[in-house]
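This report concerns only the one structure given below.
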Amino acid sequence: MNDKTTGIEAEQSCDGAETAQTEPLTSNPDDRPLKLQVSDLVDDVRKLAEAEIEYYRVKLSVNMAATKTVLVLFSVAIILGITTMVALILGILLILSHYWGPVAATGLLTGGALLLTTILMTMAIKRARKLPLDENDQ
């Protein structure tokens, strides 16, 4: 009878060992060793960081392309604006030279431009002095 009892106990211990070995480690995360859980966490964080870096890389490239387009359009607008101002000044000069002569028209146009420039610069300087650059200087 001892042989039968020993045999049954051996079968039970073998069955228990087989069940533990055939059971997958991922069935319950709490049953996995801490070392595996930490390594999985590190892998997940690495994958997340790589995904974030790739996301911001793509976002930056899209924004850079849009920024280049905006800068090109802005540059063309500035060039056209300056060209238009030169054409306006020359047109006014031609009109005034017809009535007052070339020297007086040039002097009048130059004086008017300098007067307007002085007024605008004075306004800009007054507003710049009112800007709160440092909160402690009030």
Side-chain angles (χ1 to χ4, degrees):
M1 190 160 187
N2 266 346
D3 291 334
K4 288 182 183 178
T5 310
T6 311
I8 292 173
E9 288 174 3
E11 285 178 13
Q12 287 177 352
S13 66
C14 287
D15 289 341
E18 287 175 13
T19 327
Q21 289 175 357
T22 58
E23 215 176 275
L25 291 175
T26 59
S27 65
N28 188 0
D30 294 334
D31 292 343
R32 294 182 9 201
L34 183 61
K35 186 175 181 179
L36 286 176
Q37 290 179 6
V38 170
S39 69
D40 286 346
L41 179 63
V42 169
D43 289 340
D44 289 344
V45 169
R46 184 178 295 123
K47 287 177 186 175
L48 176 65
E50 289 171 358
E52 288 286 328
I53 289 170
E54 186 62 27
Y55 168 74
Y56 284 111
R57 183 177 295 138
V58 169
K59 186 176 178 181
L60 180 65
S61 69
V62 168
N63 285 340
M64 288 301 289
T67 303
K68 286 178 184 176
T69 303
V70 167
L71 287 176
V72 166
L73 291 174
F74 185 72
S75 300
V76 169
I78 291 288
I79 291 170
L80 284 175
I82 291 171
T83 306
T84 303
M85 293 301 290
V86 169
L88 176 68
I89 290 171
L90 288 175
I92 292 172
L93 186 62
L94 286 173
I95 292 170
L96 290 177
S97 68
H98 179 68
Y99 293 108
W100 290 344
V103 174
T106 303
L108 182 65
L109 195 58
T110 304
L114 285 175
L115 179 66
L116 184 61
T117 302
T118 304
I119 291 170
L120 291 175
M121 285 298 291
T122 304
M123 289 173 56
I125 289 171
K126 283 182 182 178
R127 289 185 185 200
R129 287 185 179 156
K130 291 181 182 178
L131 287 176
L133 298 178
D134 190 13
E135 295 175 359
N136 297 330
D137 289 342
Q138 294 177 0

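In this text the structure is predicted, and so the values were computed from the model without any measurement.
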How close do V58 and S61 get, counting heavy atoms only, and between which atoms?
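Distance-wise, the nearest heavy atoms are O-OG, 2.8 Å.
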Locate the shortest heavy-atom distance separating P102 from T106; write the atom from each residue and the value.
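Minimum heavy-atom contact is O-OG1, 2.7 Å.
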From [X] atom [atom1] to [Y] atom [atom2], the distance as rounded to the nearest 0.5 Å:
{"X": "S39", "Y": "Q37", "atom1": "OG", "atom2": "CD", "result": "9.0 Å"}
{"X": "L60", "Y": "I53", "atom1": "CG", "atom2": "CD1", "result": "13.0 Å"}
{"X": "I78", "Y": "L73", "atom1": "CD1", "atom2": "CG", "result": "12.0 Å"}
{"X": "M85", "Y": "L80", "atom1": "CE", "atom2": "CG", "result": "13.5 Å"}

Single-linkage hydrophobic cluster [X]~[Y], side-chain heavy atoms < 4.5 angstrom:
{"X": "Y99", "Y": "L108", "result": "yes"}
{"X": "L94", "Y": "I89", "result": "no"}
{"X": "L109", "Y": "L88", "result": "yes"}
{"X": "F74", "Y": "I82", "result": "yes"}

Do T110 side-chain atoms and G107 backbone N/O form a donor-acceptor pair below 3.5 Å?
no
From CA spacing to verdict: side-chain contact (heavy atoms from CB on, under 4.5 Å), V38, K35
CA-CA 5 Å; V38 170; K35 186 175 181 179; 6.0 Å; no
Go through the steps to decide whether R57 and E54 satisfy the test salt bridge (charged side-chain N to carboxylate O under 4.0 Å, His left out), and finish with yes or no.
CA-CA 5 Å; R57 183 177 295 138; E54 186 62 27; 3.1 Å; yes
